[in-house]
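The structure presented is a predicted model; accordingly, all values stated were derived computationally and were not measured. Worth knowing before you read on, the calculation uses all heavy atoms, side chains too, and leaves out hydrogens, waters and symmetry mates. The chain is numbered in sequence order, starting from 1.
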Amino acid sequence: MIRRVFWMSAGIAIGVLAVRRVSALKEAAGPQGLNRMVGSMTDSVGGFTQTFRTSMDERETELRAALGLDSH
């Protein structure tokens with residue numbers, strides 16, 4: 001009897017975990033999950049671009065100062 005209760009409990013726990021996992025995957029693959037993913041990627045690319053441009057401007061200023069050219 002105790003073995004049956006144990007295995008029944010284990011089966012229920014595995015079932016609950018499987019349902020949660022499938023629900024999470026289903027939500028991530030849906031339209032809202034896709035929108036969140038694209039938004040996150042867009043923010044990342046935008047942040048990278050801004051950092052790159054700022055660094056590029058700083059380096060150009062350093063090079064112009066080193067060469068004795070007027071900064072723009």
Gap between atom CG of Asn35 and atom CE of Met37 - 0.5 Å precision
9.5 Å

Roughly how far, to the nearest 0.5 Å, is the CD atom of Glu60 from the CG atom of Leu69?
10.0 Å

State plainly whether one hydrophobic cluster holds both [X] and [Y], where clusters connect Ile, Leu, Val, Met, Phe, Trp and Tyr through side-chain heavy atoms under 4.5 angstrom apart.
| X | Y | result |
| --- | --- | --- |
| Val22 | Leu25 | no |
| Ile14 | Trp7 | no |
| Phe48 | Met56 | no |

With a 3.5 Å distance limit and no angle check, can you tell me whether Ser40 reaches the backbone of Arg36 through a side-chain donor-acceptor pair?
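Such a contact is absent between Ser40 side chain and Arg36 backbone.
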
Test item: Glu58 and Thr61 side chains (from C-beta on) under 4.5 Å apart, heavy atoms:
no

Residue pairs involving residues 3-21 (criterion salt bridge (Lys or Arg N to Asp or Glu O under 4.0 Å); sequence neighbours excluded)
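Counting only pairs at least two positions apart or across chains, no salt bridge (Lys or Arg N to Asp or Glu O under 4.0 Å) contact touches residues 3-21.
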
